[in-house]
Amino acid sequence: LFFAAILCAMNVQGVTYTVAGSDAKILNGTNTWDPADSKNDMTQVSGTTYWGLLLTNKSLSKTTYKFKVCKDHGWSTAYPGSDYELKVDPAGTYNLAYSFNTNGNAVNATLFKTWTVAGSSAALGSDWKPEDANNDMTRDGSTFDYKLTKTNVNLKKSTTYECKVVKDHAWDEAYPGNNKTYTVDADGYYDVTFTFNVVTKAVTVTTTLIKNTVTASANPAEGGTVSGAGEYAKGSNVTLTATPATGYEFVNWTEGETVV
């Protein structure tokens, strides 16, 4: 007996979530209430249950817009049960971040113009000032992340630093609810990067210790040895030791052609 197994490949597609709304002003393109319009498909935030869609520089009227988040380009599953109402007041040009969390099916929309980091002055130059435009964040490419990097920041191991990310230079909306805290493992100079995800509202702070390379050598090479060269944190003290070879004596240190 001979048995032949016939296998059929099935095309299993992933789920999609799409924003369908009452006015083209709050959408990509001109279609309204169209769950099949892929221009308004949401993107999942990696490693989370959140999906998002971010529209920038939208000219909106003073009114109430409505929308839903639709699953798989149809109306059979759409959230919330009643239309989400997005109230705009005053009219103006806004960025619009849509958020959908599959863990609980929560829908949200955030209108904003700027995101600003306010917090400890050590990194930010001003102390808890949401209106400080020097600490405005910029969008990281086409992602949902807004970032601000401060360079050559002198931080101390013994200190806990705090911050929030504030919407539109005011305290009315700020994240996280409790201040974001960050510390460093050693005193030194750091590059500090603040990141805010407009979909998940997560705030992260990354500190990178700035290091300098110290090089040193004997001149002439056969005249002895020099120890202590290497990579060190910016601002730290470095000790170099010159050991003359037999028949030589130490004269001085030079940097380039300059005696130091």
Side-chain angles (χ1 to χ4, degrees), residues 5-115 137 139-147 165 167-168 172-177 195-204:
I6 301 175
L7 304 178
C8 296
M10 298 185 65
N11 182 19
V12 180
Q13 294 183 341
V15 66
T16 60
Y17 293 100
T18 306
V19 178
S22 60
D23 195 305
K25 289 183 177 181
I26 62 167
L27 300 168
N28 281 318
T30 58
N31 295 337
T32 60
W33 294 120
D34 184 2
D37 189 350
S38 61
K39 291 190 296 296
N40 294 300
D41 284 354
M42 308 180 86
T43 302
Q44 186 172 14
V45 180
S46 178
T48 76
T49 56
Y50 284 89
W51 294 67
L53 175 65
L54 177 56
L55 309 181
T56 59
N57 297 318
K58 303 295 287 185
S59 181
L60 303 180
S61 304
K62 179 182 176 181
T63 188
T64 298
Y65 300 95
K66 297 181 179 182
F67 72 90
K68 287 182 181 289
V69 173
C70 304
K71 182 178 179 180
D72 294 338
H73 291 156
W75 286 115
S76 59
T77 304
Y79 304 97
S82 299
D83 297 341
Y84 188 104
E85 296 189 347
L86 177 63
K87 297 180 180 179
V88 178
D89 186 11
T93 300
Y94 295 90
N95 304 308
L96 174 55
Y98 292 100
S99 172
F100 176 64
N101 188 353
T102 58
N103 183 14
N105 300 323
V107 176
N108 192 34
T110 303
L111 291 169
F112 66 94
K113 295 185 177 181
T114 59
W115 295 105
M137 310 179 86
R139 189 179 181 186
D140 184 16
S142 60
T143 71
F144 297 131
D145 289 339
Y146 279 69
K147 291 189 174 185
V165 173
K167 188 180 89 166
D168 296 343
D172 297 344
E173 189 172 334
Y175 301 94
T195 303
F196 177 65
N197 188 292
V198 296
V199 173
T200 67
K201 303 301 190 290
V203 178
T204 59

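Leu60 places a side-chain heavy atom less than 4.5 Å from the side chain of Ile26. In this structure the side chain of Asp172 never reaches within 4.5 angstrom of the side chain of Lys167, judged on heavy atoms. Residues Leu86 and Leu96 meet the side-chain proximity criterion, which asks for heavy atoms closer than 4.5 Å. Leu111 places none of its side-chain heavy atoms less than 4.5 Å from the side chain of Asn95.
Formation of a donor-acceptor pair under 3.5 Å by the Asp168 side chain with backbone atoms of Thr114 is found in this model. Side-chain atoms of Thr48 come within 3.5 Å of backbone N or O of Tyr50 as a donor-acceptor pair. At distances below 3.5 Å, at least one donor-acceptor pair connects side-chain atoms of Asp72 with backbone N or O atoms of Thr16. A donor-acceptor contact shorter than 3.5 Å is absent between the side chain of Asn197 and the backbone of Asp145. Judged purely by atom type and a 3.5 angstrom limit, Lys58 has no side-chain atom pairing as donor or acceptor with the backbone of Asn28.
For the pair Cys70 and Ala78, the tightest heavy-atom approach, listed with the atom from each and the gap, is SG-CB, 4.1 Å. In terms of heavy atoms, Lys25 sits closest to Ser59 at CD-O, 3.6 Å. Looking at every heavy atom in both residues, Leu54 comes nearest to Thr143 through CD2-O, 4.0 Å. In terms of heavy atoms, Ala20 sits closest to Asp34 at CB-N, 3.8 Å. Nearest heavy atoms, Pro176 versus Val203: CD-CG2, 3.9 Å.
Taking CG from Leu53 and CG from Asp41, the interatomic distance works out to 8.5 Å, rounded to the nearest 0.5 Å. Note that the NZ atom of Lys147 and the CG atom of Asp140 stand 4.5 Å from one another [nearest 0.5 Å]. Atom CG of Asp89 and atom NZ of Lys62 lie 4.0 Å apart (nearest 0.5 Å). With rounding to the nearest 0.5 angstrom, the CG atom of Asn57 is 11.0 Å from the NZ atom of Lys113. The distance from the OH atom of Tyr65 to the CG atom of Leu27 is 10.5 Å, given to the nearest 0.5 Å.
Crowding of Lys66 atom NZ: a count of heavy atoms from other residues, nucleotides or ligands under 6.0 Å not exceeding 12.
A side-chain N or O of Tyr84 and one of Asn108 form a donor-acceptor pair less than 3.5 Å apart. One side chain, Thr49 or Asn101, offers a donor N or O that lies under 3.5 Å from an acceptor on the other. Checking Lys201 against Thr110 by side-chain atom types alone, a donor-acceptor pair falls below 3.5 Å.
The side-chain tip of Lys68 does not point at the ring of Tyr79 from less than 6.0 angstrom away and within 45° of straight on.
Put simply, the residue from Tyr175, Tyr94, Tyr146 that forms a ring-ring contact (aromatic ring centres under 6.0 Å, His included) with Phe112 is Tyr146.
Salt-bridge formation is detected for the pair Asp37/Lys39: a Lys NZ or Arg NE/NH1/NH2 atom is positioned less than 4.0 Å from an Asp or Glu carboxylate oxygen.
Note on ring orientation: taking the six-membered ring where Trp is involved, the planes of Tyr98 and Phe67 are perpendicular (angle over 60°, cut-offs 30° and 60°). Ring orientation note: the planes of Tyr17 and Trp51 are nearly perpendicular, at an angle over 60° on the 30°/60° scale. Between Trp115 and Phe196, the angle of the ring planes lies from 30° to 60°, which puts this pair in the tilted group.
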